[in-house]
Amino acid sequence: MSLTKSRELVLVAKEVCRELRRHSTKAEDLLREQLRNRRFMHMKWRRQHPLFHELLGREAFYIPDFYCHEVKLAVEVDGGIHKKRNQYD
């Protein structure tokens, strides 16, 4: 996969992330309070951070609820929305 992502894809990902952060779930808010400011094991956690990858020859992105680059760990928080998207998740 190329390290460069199309500018349009990056802009779309940024907007989707902003929207997800604006409408976070109660579960996400609770976990965020525990992870923010390196409170958990002194690691930096990013909230709603896009991860770009290649899927079937096309660039795409996935947005986990929380992501720690130091250990390359993505965390999805179960909440009400995941009941509706069970098969997708």
Side-chain angles (χ1 to χ4, degrees):
M1 179 174 89
S2 167
L3 293 178
T4 60
K5 294 166 271 309
S6 72
R7 181 167 166 71
E8 295 81 19
L9 186 64
V10 171
L11 292 174
V12 168
K14 281 184 176 183
E15 187 57 39
V16 172
C17 289
R18 284 184 190 121
E19 190 65 24
L20 289 170
R21 285 191 292 269
R22 271 184 240 143
H23 300 298
S24 60
T25 66
K26 180 73 171 168
E28 291 168 356
D29 292 339
L30 290 170
L31 183 56
R32 179 176 180 261
E33 282 304 311
Q34 301 303 311
L35 297 178
R36 66 187 302 232
N37 297 328
R38 297 182 183 265
R39 290 180 186 165
F40 180 71
M41 298 180 68
H42 305 287
M43 292 188 295
K44 169 80 174 168
W45 289 87
R46 299 171 185 186
R47 184 169 66 119
Q48 307 294 355
H49 179 74
L51 301 176
F52 294 90
H53 60 91
E54 190 173 306
L55 181 65
L56 302 175
R58 297 181 64 189
E59 287 184 326
F61 61 91
Y62 171 74
I63 304 172
D65 293 328
F66 296 93
Y67 178 70
C68 179
H69 183 73
E70 296 169 51
V71 293
K72 297 189 179 8
L73 178 64
V75 175
E76 273 298 320
V77 179
D78 282 341
I81 189 67
H82 293 283
K83 290 178 183 177
K84 297 176 185 174
R85 300 170 35 128
N86 191 25
Q87 188 171 8
Y88 174 80
D89 288 346

Review point. Can you name the side-chain contact (heavy atoms from CB on, under 4.5 Å) partners of Lys26, sequence neighbours left out?
Key: Leu30
Review point. Residues sharing Leu56's hydrophobic cluster, by side-chain heavy-atom contacts under 4.5 Å among ILVMFWY, directly or via others?
Key: Leu55
Practice item. Any side-chain hydrogen bond (donor to acceptor under 3.5 Å, both in side chains) involving residues 34-45? Give me the pairs, sequence neighbours left out, ordered by first then second residue. Key: Arg38-Glu70
Point to revise | Separation between NE2 of His69 and CG of Leu51, rounded to the nearest 0.5 Å | key: 10.0 Å
Practice item. Could you grab the distance from atom CG of Leu73 to atom SG of Cys68, nearest 0.5 Å is fine? Key: 7.0 Å
Exercise for review: Write down the atom of Ala60, the atom of Leu9, and the distance for their closest heavy-atom approach.
Suggested key: N-CD2, 4.1 Å
Check your understanding: With side chains defined as the heavy atoms from C-beta onward, is the minimum distance between Gln48 and Asp65 less than 4.5 Å?
Key -> yes
Review point. When clusters are formed from ILVMFWY side-chain contacts under 4.5 Å, directly or step by step, what else is grouped with Leu11?
Key: none
Practice item. Tell me, please, which residues at least two apart from Arg22 pass side-chain contact (heavy atoms from CB on, under 4.5 Å). Key: Glu15, Arg18, Glu19
Check your understanding: Ala27 and Asp78: which non-hydrogen atoms are nearest, and at how many Å?
Key -> CB-O, 3.7 Å
Practice item. Run the numbers on His53 and Tyr62 for side-chain contact (heavy atoms from CB on, under 4.5 Å), then give the verdict. Key: CA-CA 8 Å; His53 60 91; Tyr62 171 74; 4.3 Å; yes
Practice item. May I have the step-by-step check of side-chain contact (heavy atoms from CB on, under 4.5 Å) for Glu59 and Ser6, ending in yes or no? Key: CA-CA 8 Å; Glu59 287 184 326; Ser6 72; 4.1 Å; yes
Check your understanding: Are Tyr67 and Lys72 side-chain neighbours, meaning at least one heavy-atom pair lies under 4.5 Å?
Key -> yes
Review point. Closest approach of Glu76 and Pro64, non-hydrogen atoms and distance?
Key: OE2-CA, 3.1 Å
**Study point:** Side-chain heavy atoms of Val75 within contact of Leu35, under 4.5 Å
**Key:** no
